[in-house]
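All values derive from a computational prediction rather than experimental measurement.
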There are 2 protein chains.
Amino acid sequence: MSNDKIGDKRHLRSAVTRQKLLEAAREVFLDDGFQKATISQMIKKANIGYGTAYVHFEGKEDLLCVLMENVMAQFYEIAEISFFPKSKDEAEQIIKKQTHDFLKMAEAERNMMQIFEQAIGVSSVISDKWKAIREKFIHRISMDIAYSQQNGLARAELNYEIVARGWFFTNEMYLWEIVRNEHHRSVEEIANTITSLYTTGLYL
Amino acid sequence: MSNDKIGDKRHLRSAVTRQKLLEAAREVFLDDGFQKATISQMIKKANIGYGTAYVHFEGKEDLLCVLMENVMAQFYEIAEISFFPKSKDEAEQIIKKQTHDFLKMAEAERNMMQIFEQAIGVSSVISDKWKAIREKFIHRISMDIAYSQQNGLARAELNYEIVARGWFFTNEMYLWEIVRNEHHRSVEEIANTITSLYTTGLYL
DNA sequence: AATGAATATGACATGGCGTCAATATTATTA
DNA sequence: TAATAATATTGACGCCATGTCATATTCATT
């Protein structure tokens, strides 16, 4: 009675096919970019039939979504760092580290992130995935600012949501610059500078 | 001897065809977005032959480029506002106005800007056009910061180029939010808040 | 061994793109 | 005016990618 779905030879075959396709897709995406990558290339590389791709995935976008899950998860982790500073300096330390980690992700996952960026412009599914990450960060930053304001650390006259968005936007755009290899300064210098500007502007 | 190119009946016919196509293209773009818009739709609307489109333009991208020229020019104008403040307060005034004008552009030209944003993700030609505008702004802001630092108005320990990019990124992302109608605060409130944060962070 | 369920396949219909040889229109020349 | 040259327009054609579906194959159960 071992028909537990796994161990089942059929499901195993299915899983293997799926995995072969995913790996082939990754290679094709990295070689040709999101737009030029085609299903045909992937199924050839994976040695499976054309229609098979559509059995396992809804199309290129879906394939990339699955390939990005790992990276997505890392972003969510960074967004969840706790934040209860007791002084302006401590706040700056925490924020600097978070910014640094965030930008380092861009470097570490540059290749897949490049594909991701291309896809954001084309696919609403992918675009929504990124938007969710952005909102997660912005919400988190909003809470952090509100906390700081309540504890008399930050300027209370500024609308915390507007500030949070603006701050994240700076981070995000630098992220994409790093992904595209268009940054001319080190990640460390960027993180230090923008954090200093931000905390000086916001904290008392 | 009036073969001055204009007045010439052939050139006139050509110009009319071109114009018909441009107007049709604008409608199709606005109705269907950049990606779904097709040359076929446009030439039908313009009542011209398929190949004719490729006589006048290189393709969808080229068509949109021409349609955006007007908006582009307006951005370049905003980027060229002069900046020689004598105090922190004066600097804040000028910057606030520039940010405000910049974001107001997003509201005024929202429809075409939406198409533009979609195209940036797909077309390298369009993407380069926007990058040029971005670099123009960033260069201008860099000069402004350097001026302020030299005159003892701004914190000299910050790298002005990194700060300039970061500041423009905040502006740019808010621009796209406004374009997408995803902003929940007024342009005025956004401009005031981010400018206040920025000038407090940068100026002495 | 037979039956049915899960999985895989590739031919097909659809639709957009960009090209090009052919056609139509306008200007110039004899 | 007629012939010729230059310019402008046209749509059929070849190419390629997509997503679907009827068919074939593989595996589990009886």
Side-chain angles (χ1 to χ4, degrees), chain A residues 1-25 28-29 31-65 115 118-119 122-126, chain B residues 1-25 28-29 31-66 118-119 122-126:
Chain A
M1 299 284 183
S2 64
N3 59 355
D4 273 308
K5 300 211 171 179
I6 286 178
D8 192 326
K9 203 171 176 185
R10 279 188 307 205
H11 289 135
L12 181 67
R13 182 164 67 120
S14 172
V16 167
T17 302
R18 189 186 145 99
Q19 204 51 38
K20 277 196 295 181
L21 181 53
L22 274 174
E23 274 159 31
V28 174
F29 277 137
D31 281 357
D32 294 3
F34 183 75
Q35 338 202 27
K36 289 194 178 174
T38 66
I39 299 289
S40 298
Q41 289 172 286
M42 297 173 188
I43 59 106
K44 267 176 213 151
K45 209 158 220 171
N47 276 311
I48 62 173
Y50 187 86
T52 311
Y54 288 90
V55 171
H56 292 274
F57 303 93
E58 286 170 21
K60 260 204 304 194
E61 306 181 12
D62 192 21
L63 235 357
L64 183 59
C65 269
I115 309 300
Q118 298 164 13
V122 189
S123 149
S124 61
V125 186
I126 305 275
Chain B
M1 300 283 180
S2 64
N3 58 356
D4 274 308
K5 299 210 169 179
I6 285 179
D8 191 326
K9 203 170 174 186
R10 281 189 305 205
H11 290 135
L12 182 67
R13 183 165 65 122
S14 173
V16 167
T17 301
R18 190 186 144 97
Q19 205 49 41
K20 277 196 296 183
L21 181 52
L22 273 174
E23 274 160 31
V28 174
F29 276 137
D31 280 357
D32 294 3
F34 183 76
Q35 339 199 29
K36 289 195 178 175
T38 67
I39 300 288
S40 298
Q41 289 172 286
M42 298 173 188
I43 58 106
K44 268 177 212 153
K45 210 159 220 170
N47 274 313
I48 61 174
Y50 187 85
T52 312
Y54 287 90
V55 171
H56 292 274
F57 303 94
E58 286 171 21
K60 257 201 312 191
E61 306 180 13
D62 192 23
L63 237 355
L64 184 59
C65 269
V66 175
Q118 297 164 14
V122 189
S123 148
S124 60
V125 185
I126 305 275

Colleague: I need the B:L64 CG to B:F57 CZ distance, nearest 0.5 Å.
Modeller: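 Answer for the CG-CZ pair, B:L64 versus B:F57, is 11.0 Å.
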Colleague: Measuring from the side chain of A:R10 (C-beta onward, heavy atoms only), which nucleotide among D:dT18, C:dG4, D:dT9 has the closest atom?
Modeller: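 The nucleotide sitting nearest to the side chain is C:dG4.
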Colleague: Can you give me the closest heavy-atom contact between A:S40 and A:I43, atom names plus distance?
Modeller: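 Closest heavy-atom pair between A:S40 and A:I43: O-CG1, 3.2 Å.
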Colleague: Give the residues of residues 42-50 of chain B touching DNA chain D, defined as any heavy atom closer than 4.0 Å, sorted by residue number.
Modeller: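 Only B:I48, B:G49, B:Y50 qualify.
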Colleague: To the nearest Å, give me how far apart CD1 (B:I39) and P (C:dT19) are.
Modeller: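 It works out to 12 Å between those atoms.
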Colleague: Which listed nucleotide (C:dA27, D:dT10, D:dT26) is nearest to the side chain of A:R13?
Modeller: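 Out of C:dA27, D:dT10, D:dT26, the nucleotide with an atom closest to A:R13's side chain is D:dT26.
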Colleague: If I take atom NE2 from residue A:H56 and atom CG from residue A:D62, how far apart are they, to the nearest 0.5 angstrom?
Modeller: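 Answer rounded to 0.5 Å: 12.0 Å.
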Colleague: Rounded to the nearest angstrom, tell me the gap between atom NZ in B:K9 and atom P in C:dT25.
Modeller: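 For the pair B:K9 NZ and C:dT25 P, the rounded distance is 11 Å.
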Colleague: Rounded off to whole Å, could you give me the CG-to-P distance for the B:D32 and C:dG16 pair?
Modeller: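 Going from B:D32 (CG) to C:dG16 (P), I get 11 Å.
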Colleague: Find the distance B:Y54:OH to D:dG14:P and express it as a whole number of Å.
Modeller: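 These atoms are roughly 18 Å apart.
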Colleague: Compare the minimum distances between each of C:dT9, D:dA8, C:dC17 and the side chain of A:V55, then state the nucleotide with the smallest one.
Modeller: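 Between C:dT9, D:dA8, C:dC17, the one nearest the side chain of A:V55 would be C:dT9.
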Colleague: Using only side-chain N and O atoms of B:H56, determine if any of them is under 4.0 Å from OP1 or OP2 of D:dA8.
Modeller: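 Looking at the OP1 and OP2 atoms of D:dA8, neither is under 4.0 Å from any side-chain N or O of B:H56.
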Colleague: For B:K45 and B:D31, run side chain to side chain contact (heavy atoms under 4.5 Å, CB included): C-alpha distance rounded to whole Å, both residues' side-chain angles, the deciding distance at 0.1 Å, then the answer.
Modeller: CA-CA 12 Å; B:K45 210 159 220 170; B:D31 280 357; 3.7 Å; yes
Colleague: Separation of A:H11 atom NE2 from D:dC27 atom P, in whole Å?
Modeller: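 Nearest whole value for this atom pair: 13 Å.
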Colleague: Grab the CZ-C1' distance between B:R18 and D:dT10 for me, whole Å please.
Modeller: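 It works out to 19 Å between those atoms.
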Colleague: Please confirm whether the shortest side-chain N or O distance from B:T17 to OP1 or OP2 of D:dT9 is below 4.0 Å.
Modeller: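 Result: yes.
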Colleague: Tell me the interatomic distance from A:L12, atom CG, to C:dA6, atom P, rounded to whole angstroms.
Modeller: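 One finds 17 Å between P of C:dA6 and CG of A:L12, rounded.
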Colleague: Any side-chain heavy atom of A:Q19 sitting closer than 4.5 Å to one from A:V16?
Modeller: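 No, too far: nothing below the 4.5 Å cut-off.
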Colleague: With side-chain contact (heavy atoms from CB on, under 4.5 Å) as the test, pick out the partner of B:F29 among B:K60, B:K36, B:Q118.
Modeller: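 Testing each of B:K60, B:K36, B:Q118 against B:F29, the sole residue satisfying side-chain contact (heavy atoms from CB on, under 4.5 Å) is B:K60.
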Colleague: Less than 4.0 angstrom between a side-chain N/O of A:T52 and OP1 or OP2 of C:dT9, yes or no?
Modeller: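 For C:dT9, OP1 or OP2 has a side-chain N or O of A:T52 closer than 4.0 Å.
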Colleague: Measure the distance from CZ on A:F57 to P on C:dT7 and round it to the nearest whole Å.
Modeller: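 In whole Å, C:dT7 P lies 14 Å from A:F57 CZ.
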Colleague: Between A:L21 and A:T52, does a side chain to side chain contact (heavy atoms under 4.5 Å, CB included) hold up when you go through it step by step?
Modeller: CA-CA 9 Å; A:L21 181 53; A:T52 311; over 6 Å; no
Colleague: Which sits closer to the 5' end of DNA chain D, A:K36 or A:G51, going by the nucleotide each is nearest to?
Modeller: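 Closest to the 5' end, via its nearest nucleotide, is A:K36.
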